[in-house]
Colleague: 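Here it is: the structure, laid out below.
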There are 2 protein chains.
Amino acid sequence: MPDTASTRDRILVAYEDLLIEAGERGATLDAVAARAGVSKGGLLYHFGSKDALSAGLVERLQHLTGLDVRKMRAAPAGPVDYLIRTSIDSGSALDRSLVATSRLAQADDPRASEALAAIRGEWLAVITESIGDPAVARAIMLVSDGLYFNSAMLGMGTPDPADVSAEAIDGLLTVLARLTPPSAHD
Amino acid sequence: MPDTASTRDRILVAYEDLLIEAGERGATLDAVAARAGVSKGGLLYHFGSKDALSAGLVERLQHLTGLDVRKMRAAPAGPVDYLIRTSIDSGSALDRSLVATSRLAQADDPRASEALAAIRGEWLAVITESIGDPAVARAIMLVSDGLYFNSAMLGMGTPDPADVSAEAIDGLLTVLARLTPPSAHD
DNA sequence: GTCTATAGTTGGATAGAC
DNA sequence: GTCTATCCAACTATAGAC
């Protein structure tokens, strides 16, 4: 897949945006086409059906996640710091892709649910590897899930359900550090 | 509102069920009516519009949450234990109401978003009151959010994204106990 | 590749019989 | 209170011109 980053990509981005802003019901082919600047017929040339459009979205997420996991492994401050700091919605391509796919999962799309579960599994594996203790890794992963849930799922219409300011995240990381004492021996 | 717990209630439950199982798009008036065992016309006698139906759902959630917060305050093992243990989807009326309302929130319904944020605020207040340290309370609340996100949002089509077995929850509570040392003095 | 036109369905909501 | 019949708008998808 060399450089077809034109109409096809614009359509995918438009679909993501609409899923995020208006939910599955608002993300109609008409709306997506209008937002991408093509006609409905033009859209359906690239994606033969709405289902194909959703499949394209999930693929995109998988690609972006692959890149993210590599960055997480190489993060200077460690995977936990990276995970927590990137668990708030910063508007990155990955964030948008993740939220859009969550909307699909909640619309009963099995591909989306499976992809999300697989991605979570990858992240958890990296954290567990880095932390050692699986129980602690699970707790940290859940905090990350919670941040995402608040920032991306609830925080659309409401002002700051959980506090996700930079200082709040610093404080959170300090608190979480207590979970992993330098040396522990039951 | 004395005892009108008949058709009106059945309709509300049917709407919840369909939102959970099929998402907002699947929860059509036709589908809700069929599931509740009435005709579309019959449904619309009780709720004049789809919007009114959604409003009824949010009201129901607010009522159920009121009861839950009181139980949380009176929980024998304390609010934190109560919160974490009830953050996995047990199929209770409150769980179902919460998940259904989340679907609405993601379909861009401001009432639903506001109600969910308010509820989270109530829970956080009780935990903060009980724990003392606001930063620790926030971390615990985020773990609860994470559990809910996995159990209710992702765990519909996929087997157990996060482990929510009884033993896993016990282990999680043990880990979280490290966040609140008996005496702390920064 | 992209468009317009249109077919076929299903959505929410109203009217009026029972 | 509950039903059937019906209206109109919106949705997905196809056909065929350019």
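Chain identifiers are assigned alphabetically (A, B, ...) following the order of the sequence lines, protein sequences preceding nucleic acid strands; residue numbering begins at 1 within each chain.
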Colleague: Would you say A:R8 reaches C:dT2's phosphate, i.e. side-chain N/O to OP1/OP2 under 4.0 Å?
Modeller: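 False: A:R8 side-chain N/O out of range (4.0 Å or more) of C:dT2 OP1/OP2.
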Colleague: Could you state the CG-C1' distance from A:D51 to D:dT12, rounded to the nearest angstrom?
Modeller: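 Atom-to-atom, A:D51 to D:dT12, this comes out as 12 Å.
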Colleague: Show your working on side-chain contact (heavy atoms from CB on, under 4.5 Å) between B:R120 and A:F149 and close with a plain yes or no.
Modeller: CA-CA 12 Å; B:R120 214 196 89 104; A:F149 179 60; over 6 Å; no
Colleague: Rounded to the nearest Å, what distance is computed from the CG atom of residue A:L29 to the P atom of nucleotide D:dT14?
Modeller: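 A:L29 atom CG is separated from D:dT14 atom P by 11 Å.
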Colleague: Atom NZ of A:K40 and atom C1' of D:dT12: how far apart are they, to the nearest Å?
Modeller: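 Nearest whole value for this atom pair: 7 Å.
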Colleague: From the options C:dG12, D:dT2, C:dT2, select the nucleotide whose nearest atom is closest to the side chain of B:Y45.
Modeller: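 Per side-chain heavy atoms of B:Y45, the pick is D:dT2.
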Colleague: For a quick check under 3.5 Å, do A:S54 and A:D51 share a side-chain donor-acceptor pair by atom type?
Modeller: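 Not at all, the side chains of A:S54 and A:D51 share no donor-acceptor pair under 3.5 Å.
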Colleague: Rounding to a whole Å, what distance do you find between A:R10:CZ and C:dG1:C1'?
Modeller: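 Roughly 12 Å, once rounded to whole Å.
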Colleague: Heavy-atom nearest nucleotide on DNA chain D for A:L44 versus A:T28: which residue maps closer to 5'?
Modeller: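 Whichever sits nearer the 5' end wins; that is A:T28.
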Colleague: To the side chain of A:S39, which of D:dT4, D:dT12, C:dT2 is closest?
Modeller: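 Of the options given, the side chain of A:S39 lies nearest C:dT2.
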Colleague: Send over the distance from A:L43 CG to D:dC11 P, rounded to a whole Å.
Modeller: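 Answer to the nearest Å: 14 Å.
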Colleague: Between C:dG12 atom P and B:R25 atom CZ, what is the distance in whole Å?
Modeller: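 From B:R25 CZ to C:dG12 P: 11 Å.
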Colleague: Kindly point out which of C:dA13, D:dG1, D:dA13 is positioned nearest to the side chain of B:H46?
Modeller: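 So the side chain of B:H46 is nearest to D:dG1.
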Colleague: Can you check the B:E24 CD to C:dG12 P distance for me, whole Å?
Modeller: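 Value for this atom pair: 11 Å.
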Colleague: B:V13, B:L61: one ILVMFWY side-chain cluster at the under-4.5 Å cut-off?
Modeller: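 No, because B:V13 and B:L61 fall into different hydrophobic clusters, even though each may have its own neighbours under 4.5 Å.
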Colleague: Just the rounded figure in Å: distance from C1' of C:dG11 to CG of A:D30.
Modeller: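 Those two atoms, CG and C1', are 15 Å apart.
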Colleague: Side chain of B:R10, backbone of B:A36: donor and acceptor closer than 3.5 Å?
Modeller: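 Judged by distance alone, yes, a pair lies under 3.5 Å.
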Colleague: Step by step, would you call B:S102 with B:Y148 a side-chain contact (heavy atoms from CB on, under 4.5 Å)?
Modeller: CA-CA 11 Å; B:S102 293; B:Y148 224 99; over 6 Å; no
Colleague: Would you indicate which nucleotide in C:dT4, D:dA13, D:dC3 comes nearest to any side-chain atom of A:S49?
Modeller: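 Nucleotide nearest to A:S49's side chain: D:dA13.
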